[in-house]
Amino acid sequence: MQYTHVIFDLDGTLLNTLGDLTDAVNFSLSKRSYPTRTVEEVRQFVGNGVGKLIERALPEAHVRERDDCLADFRVYYNDHMTVRTAPYDGIPALLDALTARGVILGVLSNKYDPASRALVHHYFGKTRFADIRGERAGVPRKPDPTAVHDMLTAFGTDAAHVLYVGDSGVDMQTAKNAGLFAVGVTWGFRSREILLENGADVLIDTPMALLDKLEL
């Protein structure tokens with residue numbers, strides 16, 4: 001099987017965003033004099049959208065304040081999302097290699113859509129990815145396969161020709177739910193065990209190792 005398209009997760013796969021996410025979470029918490037969170041705590045909270053991130057970060061007795069905290073988070077994050085964020089080592093070289101081979105690239109994230117697009121454009125340019133999709137109103141978040149199906153339609157291809165690359169159990173479930181080959185990356189936010197437990201077909205330890213998976 002030759003894969004002609006690759007869909008990537010964003011946070012924990014292409015970009016290490018933990019520092020800026022943590023700062024935005026703690027801005028929202030500090031504004032209310034709540035205890036702040038460590039980077040490692042935020043690592044465990046991410047993956048299901050920023051609403052769920054804030055809900056998990058808040059003290060249990062104050063979860064009802066989620067929407068107000070989320071609004072503060074977004075204001076801060078929109079202005080600071082590129083302060084500490086950076087591509088993982090080897091990602092730019094991988095994208096260059098995939099593009100040189102004619103592979104069509106996409107990004108699918110549970111981060112809200114404007115931030116997903118802004119980050120991809122900032123770090124990788126506006127033409128590298130044929131489709132970029134974040135959390136959108138009316139579209140279920142991953143691991144629901146709806147957004148993947150929409151991307152396949154936009155690409156004009158089918159699941160048999162698409163690799164899905166991500167760092168979380170949610171990503172592996174998304175790939176399985178959509179009928180895609182699931183590639184788990186071990187440099188991201190979750191452990192090898194979680195990736196395998198959630199259906200990873202293969203794990204890779206370095207970005208360039210993905211090139212060996214284009215023909216399986």
Side-chain angles (χ1 to χ4, degrees), residues 1-21 39-40 42-44 46-47 84-111 116 119-125 127-134 142-143 145 147-148 151-152 155 157-216:
M1 173 62 67
Q2 184 172 12
Y3 292 98
T4 57
H5 295 67
V6 177
I7 299 175
F8 290 93
D9 172 54
L10 183 57
D11 298 59
T13 301
L14 294 175
L15 296 175
N16 185 348
T17 55
L18 275 177
D20 289 327
L21 288 171
V39 169
E40 288 307 308
V42 171
R43 180 192 297 272
Q44 300 305 315
V46 299
R84 300 170 63 189
T85 290
Y88 286 100
D89 290 344
I91 288 295
L94 170 64
L95 298 180
D96 286 343
L98 290 171
T99 300
R101 295 187 181 200
V103 177
I104 306 301
L105 307 178
V107 171
L108 178 60
S109 176
N110 274 344
K111 185 192 295 290
S116 297
L119 285 168
V120 171
H121 291 164
H122 178 83
Y123 288 102
F124 306 116
T127 60
R128 174 77 73 182
F129 292 91
D131 199 358
I132 304 165
R133 297 178 187 240
K142 300 184 295 184
V148 174
M151 292 182 77
L152 298 185
F155 287 149
T157 191
D158 57 39
H161 296 93
V162 183
L163 289 179
Y164 189 92
V165 183
D167 72 302
S168 72
V170 169
D171 292 320
M172 300 303 96
Q173 293 169 22
T174 302
K176 296 293 99 177
N177 291 342
L180 306 186
F181 189 87
V183 180
V185 307
T186 62
W187 59 79
F189 298 168
R190 297 290 185 268
S191 68
R192 303 173 70 93
E193 291 74 21
I194 287 176
L195 293 168
L196 292 170
E197 287 169 4
N198 284 277
D201 292 302
V202 68
L203 300 182
I204 58 173
D205 297 320
T206 64
M208 294 300 282
L210 183 66
L211 298 179
D212 296 331
K213 310 305 177 186
L214 292 177
E215 296 186 17
L216 295 172

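All residue numbers refer to positions in the sequence shown, counting from 1.
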Handout entry: Considering all heavy atoms, the nearest Met151-Val107 contact
Key = CE-O, 3.7 Å
Problem - Euclidean distance, Leu98 CG relative to Leu163 CG, rounded to 0.5 Å - result: 9.0 Å
Handout entry: Full working for side-chain contact (heavy atoms from CB on, under 4.5 Å) between Leu119 and Lys111
Key = CA-CA 10 Å; Leu119 285 168; Lys111 185 192 295 290; 3.6 Å; yes
Practice task
Heavy atoms only: give me the nearest Arg133-Ala147 pair and the separation to one decimal.
Solution key: CD-O, 4.4 Å
Problem - Distance, nearest 0.5 Å, that separates CZ of Arg192 from CG of Leu203 - result: 5.0 Å
Exercise for the section: Would you sort out whether Ile132 and Leu10 count as a side-chain contact (heavy atoms from CB on, under 4.5 Å), showing the intermediate values? Expected result: CA-CA 10 Å; Ile132 304 165; Leu10 183 57; over 6 Å; no
Practice task
Using the six-membered ring wherever Trp is involved, compare the ring planes of Trp187 and Tyr88 and label them parallel, tilted or perpendicular (cut-offs 30° and 60°).
Solution key: tilted
Exercise for the section: Report yes if some heavy atom in the side chain of His122 is under 4.5 Å from a heavy atom in the side chain of Leu15; otherwise report no. Expected result: no
Handout entry: Distance-minimising heavy-atom pair for Gly199 and Ala182
Key = O-CB, 4.0 Å
Problem - Side chain to side chain, Asp11 and Leu21, heavy atoms closer than 4.5 Å - result: yes
Exercise for the section: Compare all side-chain heavy atoms of Phe124 with those of Leu14 and state whether any distance is below 4.5 angstrom. Expected result: yes
Handout entry: Separation of Asp131 CG from Ile7 CD1 (nearest 0.5 Å)
Key = 8.0 Å
Practice task
Would you mind reporting whether Ile194 and Phe189 have side-chain heavy atoms less than 4.5 Å apart?
Solution key: no
Problem - Salt-bridge criterion met for Asp96 and Arg128 (N-O under 4.0 Å) - result: yes
Practice task
Locate the shortest heavy-atom distance separating Ala130 from Ile104; write the atom from each residue and the value.
Solution key: CB-CG2, 3.7 Å
Practice task
May I ask you to decide if Gly47's main-chain N or O and Asn110's side chain share a donor-acceptor pair within less than 3.5 Å?
Solution key: yes
Exercise for the section: Check Gly90 against Pro207 and note the closest heavy-atom contact, atom names and distance. Expected result: O-CB, 3.6 Å
Practice task
Kindly assign one of parallel, tilted or perpendicular to the pair Phe181 and Tyr3, based on the angle between their ring planes and the thresholds 30° and 60°.
Solution key: tilted
Handout entry: Side-chain touch Lys142/Val148, heavy atoms, less than 4.5 angstrom
Key = no
Handout entry: Within 6.0 Å of CG in Asp158, more than 12 heavy atoms from elsewhere
Key = yes
Problem - Any donor-acceptor N/O pair, Arg190 side chain to Gln44 backbone, under 3.5 Å - result: yes
Exercise for the section: Check for a donor-acceptor pair, side chain of Asp167 on one end and backbone N or O of Val185 on the other, with a separation under 3.5 Å. Expected result: no
Completion exercise
To the nearest 0.5 Å, atom OH of Tyr164 lies from atom NE2 of His5 at 15.5 Å
Exercise for the section: Could you check Leu210, Val162, Leu180 and say which one makes a side chain to side chain contact (heavy atoms under 4.5 Å, CB included) with Val6? Expected result: Leu210
Problem - Non-hydrogen atoms of Ala200 and Met172 that approach each other most closely - result: CB-SD, 3.5 Å
Practice task
Decide yes or no on side chain to side chain donor-acceptor pair (under 3.5 Å) for Asp171 and Ser168, but give the supporting numbers first.
Solution key: CA-CA 5 Å; Asp171 292 320; Ser168 72; 3.0 Å; yes
Practice task
Kindly indicate, with the supporting measurements, whether the criterion side-chain contact (heavy atoms from CB on, under 4.5 Å) is fulfilled by Leu211 and Arg101.
Solution key: CA-CA 10 Å; Leu211 298 179; Arg101 295 187 181 200; 4.0 Å; yes
Problem - Minimum side-chain heavy-atom gap Tyr123-Thr85 below 4.5 Å - result: yes
Handout entry: Flag, side chain of Asn16 to backbone of Ala86, donor-acceptor distance under 3.5 Å
Key = no
Problem - Heavy-atom side-chain proximity of Thr4 to Phe155 below 4.5 angstrom - result: no
Practice task
Output yes when a side-chain donor or acceptor of Ser109 lies under 3.5 Å from a complementary backbone atom of Asp9, and no otherwise.
Solution key: no
Exercise for the section: Quick one: pull up CG in Asn198 and CD in Glu193 and give me the separation to the nearest 0.5 Å. Expected result: 12.0 Å
